Undergrad: 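First the structure, then my questions, so here it is.
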There are 2 protein chains.
Amino acid sequence: MARKTGSHAQITGPRVRSAAQKLFARMGYAAVSMRRIAAEVGMQAGALYLYTPDKQTLLFDLMKTHLEELLQAWAAAEKGKGAMAQLEAFVRFHIRFHLARPDAVFIAYMELRNLTPENFERIESLRRAYENQLEAILRQGQESGDFRVPDTKLATLAIIAMLTGVNTWYREGGRLSRSRVESIYWDMVRKAVGGDDAARIA
Amino acid sequence: MARKTGSHAQITGPRVRSAAQKLFARMGYAAVSMRRIAAEVGMQAGALYLYTPDKQTLLFDLMKTHLEELLQAWAAAEKGKGAMAQLEAFVRFHIRFHLARPDAVFIAYMELRNLTPENFERIESLRRAYENQLEAILRQGQESGDFRVPDTKLATLAIIAMLTGVNTWYREGGRLSRSRVESIYWDMVRKAVGGDDAARIA
DNA sequence: GGTTTATATGAACGGATGTTCATCTCAAAG
DNA sequence: CTTTGAGATGAACATCCGTTCATATAAACC
């Protein structure tokens, strides 16, 4: 049997995973059948159950892996010193990371309601952990006087919503390069948190 | 027969509409059966077809009505004079309007991929029309010198994503009132577009 | 009271759903 | 060359899907 047993890493095999990710993102979890996923991989529906216990686990695995990779990548990222540098690092990291994984991002935002309550809780706690990373930066900058935000929690949610929104319109080969987009968004975020140190008079 | 014929107002009857809206928002279009909607209204599945031609029209009608009401409400809103006043009006209007209709908003954002291509185009053009309202304000403020945005199109999308994000976390009876939320977001938007006229020194 | 007409039923249609399982294939191990 | 045993099949399970339609109900009109 091929089904992974003990470890709690990725339960689902990689070929099935990526086929499911592609289809869930394009058509939605509920609209994709196990037979359709199997056809994408090039096998029959029954064979999928050698690689995943069930459809729900397939979805949960995709979300969990995505969010764990997100947290891990941010933990490993160059952040610089001071709240201002860290906020810029976060903004650029968030856009870069999310633009590189449009399918995973789409699923993680759109398919939450198709998770069982227990799985939903686990995913939500991973998402909160990520939000806390940004909020910590905002609170630190608030205390140091670098930022002036009326409410760090709301600013956190507002910034993340704004940044993740890039995924809904960005297209490769479009008018703006990724790094140009990063810079434009960083400009808006920096000003929004009251961190526009220079170049202002009245 | 009850099915509306000539006019292109709302094809679907109101009781069926609101039951479908509730269920689509909670469980997703693909996961809700006509039988489930019928049960919510208190009838059998077959009777639904007296009120709507099919399931797809039900979804399309919900989205179209929502976006038309959005455009109409903004057209009728008090806007004030000058780019700054109009941007504030837009921010407050957007949050207020969207918080009042969480189900319709959720559906309009999450179920786009379940529209037929023709219906998708019609919905997208309504959404673009709304975005254009904000972009016009930003361009006007840019020309008048009230704002300094690096890219009005990106600023439009960024602001709308940020404002709509309120719907994902706001809960009635929470820490902040609606008007307090409006003010906090307006503060961030105003600063983001470089329109923080007063209260800044360095 | 009788007739029209809107409203609703519930069975039926062909087909799709997630999942299971006995069976088969076929490369590697002994 | 035989024996494994993992990988894959494809039929089968019970159930659900969107939609249609002949039929029933019941209120509105003459």
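These values consider heavy atoms only, across backbone and side chains, with no hydrogens, waters or symmetry-generated copies. These figures come from a predicted structure and were not determined experimentally. Residue numbering restarts at 1 for every chain, and letters A, B, ... go by the order of the sequence lines.
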Undergrad: Would you mind listing every salt bridge (Lys or Arg N to Asp or Glu O under 4.0 Å) that reaches into residues 44-58 of chain B, with sequence neighbours excluded?
TA: none
Undergrad: Could you give all pairs that pass the salt bridge (Lys or Arg N to Asp or Glu O under 4.0 Å) test and reach residues 154-175 of chain B, with sequence neighbours left out?
TA: A:D151-B:R175, B:E172-B:R178
Undergrad: By the salt bridge (Lys or Arg N to Asp or Glu O under 4.0 Å) test, which pairs, at least two apart or in different chains, include something from residues 156-168 of chain B?
TA: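 Pairs touching residues 156-168 of chain B that pass the test: none.
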Undergrad: List the atom pairs, donor and acceptor, that lie under 3.5 Å between side-chain atoms in residues 33-47 of chain B and the rest of the protein, sequence neighbours left out.
TA:
residue : atom : partner : partner atom : Å
B:S33   : OG   : B:R36   : N            : 3.0
B:R36   : NH1  : B:E40   : OE1          : 3.3
B:E40   : OE2  : B:K22   : NZ           : 2.9

Undergrad: Would you please indicate yes or no on a ring centroid separation below 6.0 angstrom for A:F97 and A:W74?
TA: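 A:W74 vs A:F97: aromatic centres not under 6.0 Å.
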Undergrad: With B:E111, which residues qualify under side-chain hydrogen bond (donor to acceptor under 3.5 Å, both in side chains), at least two apart?
TA: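 Result, side-chain hydrogen bond (donor to acceptor under 3.5 Å, both in side chains) vs B:E111: A:R113, B:N114.
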Undergrad: Counting the benzene-type ring for Trp, do A:F90 and A:Y130 have ring centres under 6.0 Å apart?
TA: yes
Undergrad: How long is the line joining CD of B:Q44 and P of C:dG10, in whole Å?
TA: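 From B:Q44 CD to C:dG10 P: 5 Å.
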Undergrad: Could I get the full list of side-chain hydrogen bond (donor to acceptor under 3.5 Å, both in side chains) partners for B:T156, not counting sequence neighbours?
TA: none
Undergrad: A:A47 has a side chain; which of C:dT7, D:dT19, D:dA8 sits nearest to it?
TA: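 Of the candidates, D:dA8 comes closest.
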Undergrad: Measure from CE on B:M43 to C1' on C:dG10 and round the result to the nearest Å.
TA: 14 Å
Undergrad: How close or far is atom C1' of D:dG18 from atom CD of B:Q56, stated in whole angstroms?
TA: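 That distance rounds to 13 Å.
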Undergrad: Report, one pair per line, the protein and nucleotides 24-27 of chain C atoms (nitrogen or oxygen only) whose separation is under 3.5 Å.
TA:
none

Undergrad: Could I get a table of every N or O pair under 3.5 Å where one atom is in the protein and the other is in nucleotides 13-18 of chain C?
TA:
residue : atom : partner : partner atom : Å
C:dT17  : OP1  : A:S33   : OG           : 3.4
C:dT17  : OP2  : A:S33   : OG           : 3.4
C:dG18  : OP1  : A:V32   : O            : 3.4
C:dG18  : OP1  : A:K55   : NZ           : 2.9
C:dG18  : OP2  : A:M34   : N            : 2.8
C:dG18  : N7   : A:R35   : NH2          : 2.8
C:dG18  : O6   : A:R35   : NH2          : 2.8

Undergrad: List the residues meeting side-chain hydrogen bond (donor to acceptor under 3.5 Å, both in side chains) with B:Q56, not counting sequence neighbours, and say none if there are none.
TA: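 Applying side-chain hydrogen bond (donor to acceptor under 3.5 Å, both in side chains) to B:Q56 gives B:N119.
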Undergrad: Which ones in residues 112-121 of chain B lie close to DNA chain C, meaning a heavy atom under 4.0 Å from one of its atoms?
TA: none
Undergrad: Return the value, rounded to whole Å, for the distance between atom CG of B:L23 and atom P of D:dC17.
TA: 12 Å
Undergrad: Check the distance between D:dA8's C1' and A:R15's CZ and give it to me in whole angstrom.
TA: 12 Å
Undergrad: Let me check something: any side-chain donor-acceptor pairs from residues 161-169 of chain B under 3.5 Å, sequence neighbours excluded? List them with distances.
TA:
residue : atom : partner : partner atom : Å
B:T164  : OG1  : B:H94   : NE2          : 2.9
B:T164  : OG1  : B:Y109  : OH           : 3.4
B:T164  : OG1  : B:I160  : O            : 2.8
B:N167  : ND2  : B:H98   : O            : 3.1
B:T168  : OG1  : B:G165  : O            : 2.7
B:W169  : NE1  : B:Y185  : OH           : 3.4

Undergrad: By side-chain hydrogen bond (donor to acceptor under 3.5 Å, both in side chains), which residues pair with A:S18, not counting sequence neighbours?
TA: none
